[in-house]
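Below is one structure, written out as structure tokens, with a few remarks after it.
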2 protein chains.
Amino acid sequence: MRVDVGSSLSMSRLEGASVIVETVASALEPPFQRPRGNRRGHGRTTLADVARHAGVSPITASRALNKPLLVAPETRARVERAVAELRYIPNIIAGSLASSSPSAVAAILPSLDNSIFTDVLKGAVGALERSGYRLVLGNSHFDPAVEATLVETFLAHGVGAIMLTGARHAPQTQSLLTNARIPVVQTWSLPRRPLGACVGFSNFAASYAMAHHLIERGYRDIAFVSAAVARNDRAAARRRGYAKALADHGLVNDPSTTLESPFGLAAGAAALERILSVRPSTDAIFFANDVLASGAVLAALRLGLRVPGDVAIAGFDDIELAGHLMPPLTTVRIDRIGLGKAAAELMLEALAGTPFKGRRVDIGFEVIARATT
Amino acid sequence: MRVDVGSSLSMSRLEGASVIVETVASALEPPFQRPRGNRRGHGRTTLADVARHAGVSPITASRALNKPLLVAPETRARVERAVAELRYIPNIIAGSLASSSPSAVAAILPSLDNSIFTDVLKGAVGALERSGYRLVLGNSHFDPAVEATLVETFLAHGVGAIMLTGARHAPQTQSLLTNARIPVVQTWSLPRRPLGACVGFSNFAASYAMAHHLIERGYRDIAFVSAAVARNDRAAARRRGYAKALADHGLVNDPSTTLESPFGLAAGAAALERILSVRPSTDAIFFANDVLASGAVLAALRLGLRVPGDVAIAGFDDIELAGHLMPPLTTVRIDRIGLGKAAAELMLEALAGTPFKGRRVDIGFEVIARATT
DNA sequence: ACGGTAGATGTTAGCGCTAGCACACTTTCC
DNA sequence: GGAAAGTGTGCTAGCGCTAACATCTACCGT
């Protein structure tokens, strides 16, 4: 295994000491003995310092900060004053080691380039806001091996729950997760037998619906572009939904106009040009994500192609840009913020003890017919 | 102080145990005594278990994993086998408490909605990849109070260095940072007296250059739109640069066409309409970020306005969309990935002991004249 | 042969914090 | 009025891991 790159996003709650501006920490160093062999030379203020300053035991100081209701108001006030005067910053590392209770949950996203994932994040952060759990985020770059390493890292850091994207994961990921016995939420799709719970929608059905919409509009010579299906089970499901719709209506599904594409506006533009050169009779292109579709719409404008006159274009996701394009893009709307929120809430419920295993939350989808079809 | 929402992105290095697929952990639980009063009922495999299984002392097992060169190859192999067989996952929390050495650095960004910040992230993650430090990311939502709380949280978590966005910070942030005595890198601007080091460019000069470009092209009735300057020192500096350029060329700087705007394509569109209604004679609009400018270009297309015929539009940042618009957007290019990389490298150097304080790295800017002006 | 040095492993003592219990010292109740 | 049930605080003993030192073995040169 090699170096792994991940990323984490955390949300946290921290009681802040009001800050006294003068520097007092060293002046107030207690004159008492330090245990010999004390290794910390850096002298960061500890809870013991605070306790001494407040004239209470360390455990009382700890309680005053973490379980204020168990401490007499007057004692608590003394501790709080000591905290402020010493500019005490708790050592959360030590705290969570001692209590061995998770203080964070993790989410692993395949990318941060696409705003669809940051929207999910937004929803999750919102739901976690008042929970007391931080959210740590990993970026798997659509690589199952990186995902597995991230899972391992997060387990090593003691997260209480993990949110994954998609239904397909490395065997190692699954065994790590099973072994760790922590709640897992899969997002963006609805596996029949989720690892823990899942929140998503039927990518197959959504894609089928969009393909159906195109066929209904009268398009007959349709092309399809998605991300590489090998690394992306959502893209794979969308391609299946598209293929099924074509088959159900007796249309040919030409493999030469069923493309896999990298990500980005430029890639969408390239796919458009490629398809029109491979098969000029194409009358509609269904892109399995809006960034590609937007790239194509913008390219059409540059090339002087009329949309949908010369070629219709449909997308998937309903990103902000979709509605601002000229013409505005037909797409499939997914409530990404709701998805993130639901996933986070499932994790919180699981951490609170609610039965969780096997729950499947369908957030649905909506075909938004705008002007590119 | 209140609940704080942040976010973190981490990059990490973790030696992975090769995984044996059958579940062996419980079967291999050592038959030996457990110290009485052991509080952990969950039975996660510890390093002590591994050591026992390998027939060595815990410290040797620790060394075999963390300082392999200090351990005889044969012993190391035994430990590694034990790790694999027991599916041992190290407890990083405990490790970093014991060693009290930082294992992460933090970056605080004002937003994840704008791809310019995720680009910086990309650069930073790249530089940190092989360093052994994780990167933790906080999202301040352009709020200095949230930033202060994030700083506090990160200090509580023991990060070794912090990267901030912009030059302006709450007094509390500054005092926390001074007190913590850890390296701080400020990004996106070049304060004369940085808290630690800084990496950025002159927002004033870049903005001046773009305004100069517009004036040079013959535009005389120029408007300016930026984010709210009160919460964004970069926007403030850009507005000053714009104003200076106008003044230097004897042009009027009409306050009624100097706008502050929320973020997003829709906001850019609204700003365009607002300016053209307030002052129909406006011949150019300089947007201090590309998302607003792009929203305006797209809106112009919808409204049937010719760009630059009816109104010229300039942006700032050079996001991907800028080059794909029709017409492609004139903007200021910033090497954001390079910025993130340089900032991360500064942190690493500081952690390695290189003198650091006061270093100012100018990454420059480049006016990209495309077709909207 | 000897101390000397390097290499490999173990012993001890915490890192800073918090469960779990123990211990006053109330307050409440029949 | 005495047991029962709080309330507030402190002590002890770790959480799982690792720094620092101590050992304990080769192996070295002179």
Side-chain angles (χ1 to χ4, degrees), chain A residues 14-15 30 33-52 54-79 83 86 88-103 155-158, chain B residues 15 33-52 54-79 83 86 88-103 155-158:
Chain A
L14 178 77
E15 297 278 313
Q33 89 304 342
R34 273 285 168 77
R36 75 201 167 70
N38 187 333
R39 274 180 267 145
R40 72 188 161 86
H42 48 0
R44 170 162 164 175
T45 308
T46 71
L47 188 57
D49 299 328
V50 171
R52 216 145 28 207
V56 298
S57 73
I59 187 66
T60 300
S62 167
R63 277 196 283 252
L65 299 176
N66 301 318
K67 304 172 175 170
L69 296 178
L70 294 183
V71 173
E74 199 251 327
T75 313
R76 197 192 315 155
R78 282 221 311 289
V79 172
V83 163
L86 297 179
Y88 170 65
I89 300 216
N91 184 331
I92 291 183
I93 299 292
S96 62
L97 175 62
S99 63
S100 67
S101 64
S103 66
L155 292 177
H157 279 272
Chain B
E15 297 277 311
Q33 89 304 343
R34 273 288 168 74
R36 74 200 167 70
N38 187 332
R39 274 183 264 145
R40 73 191 157 88
H42 48 2
R44 170 163 164 174
T45 308
T46 71
L47 188 56
D49 298 328
V50 171
R52 216 148 23 208
V56 298
S57 74
I59 187 66
T60 301
S62 168
R63 276 194 285 251
L65 299 176
N66 300 320
K67 304 173 176 170
L69 297 178
L70 295 184
V71 173
E74 198 252 328
T75 312
R76 198 193 313 154
R78 281 222 311 287
V79 172
V83 163
L86 298 178
Y88 169 65
I89 301 218
N91 183 332
I92 292 183
I93 299 294
S96 62
L97 175 61
S99 65
S100 67
S101 66
S103 65
L155 292 177
H157 279 273

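Numbers restart at 1 for each chain; the letters A, B, ... are given by sequence-line order, proteins then strands.
With the nearest nucleotide of DNA chain C identified for both A94(B) and P73(B), P73(B) has the one nearer the 5' end.
Of all non-hydrogen atoms in A51(B) and A61(B), the two that sit nearest each other are CB-CB, 4.0 Å. Smallest separation of non-hydrogen atoms from N66(A) and P68(A): C-CD, 3.3 Å. Listed here is the closest heavy atom pair of V56(B) and R78(B): CG1-NH2, 3.5 Å.
For E74(A) and dT7(D), the CD to P distance is 19 Å, given to the nearest whole Å. For the pair L86(A) CG and dG16(C) C1', the computed distance is 15 Å after rounding to whole Å. Spacing between atom CG of L47(A) and atom P of dG10(D) amounts to 12 Å, rounded to whole angstrom units. Distance N66(A) CG to dT18(C) P: 5 Å, rounded to the nearest Å. Residue L155(A) contributes atom CG, which lies 15 Å from atom P of dG16(D) at whole-angstrom precision. When the P atom of dG6(D) is taken as reference, atom CG of L69(A) falls 16 Å away, rounded to whole Å. Atom pair Y88(A):OH and dG16(C):C1' shows a separation of 7 Å (rounding to whole Å applied). Going from atom CG of L65(A) over to atom C1' of dG16(C) covers 13 Å, rounded to whole Å.
No side-chain heavy atom of L65(A) sits under 4.5 Å from any side-chain heavy atom of V50(A). Between V79(A) and V71(A) the shortest side-chain heavy-atom distance does not fall below 4.5 Å.
Note on K67(B): a side-chain N or O is less than 4.0 Å away from OP1 or OP2 of dA19(D). OP1 or OP2 of dT18(D) sits under 4.0 Å from a side-chain N or O of S62(B). Distances shown here put every side-chain N or O of N91(B) at or beyond 4.0 Å from the OP1 or OP2 atom of dC15(D). Distances shown here put a side-chain N or O of T60(B) below 4.0 Å from the OP1 or OP2 atom of dG10(C). Taking only side-chain nitrogens and oxygens, S57(A) never comes nearer than 4.0 Å to OP1 or OP2 of dT9(D).
Here dC15(C) is the nucleotide among dG8(D), dC15(C), dC17(D) with the atom lying nearest to any side-chain atom of L97(B). Nearest to the side chain of A98(B), among dT11(C), dT18(D), dT9(D), sits dT18(D). Looking at the side chain of I59(A), the nearest of the listed nucleotides dG16(C), dC11(D), dT18(D) is dC11(D). Closest contact between the side chain of S99(B) and the listed nucleotides dA19(C), dA19(D), dC17(C) involves dA19(D).
Among the heavy atoms of the strands, none lies under 4.0 Å from S96(B).
A donor N or O paired with an acceptor N or O is found under 3.5 Å between the base of dG10(D) and the side-chain atoms of R63(A).
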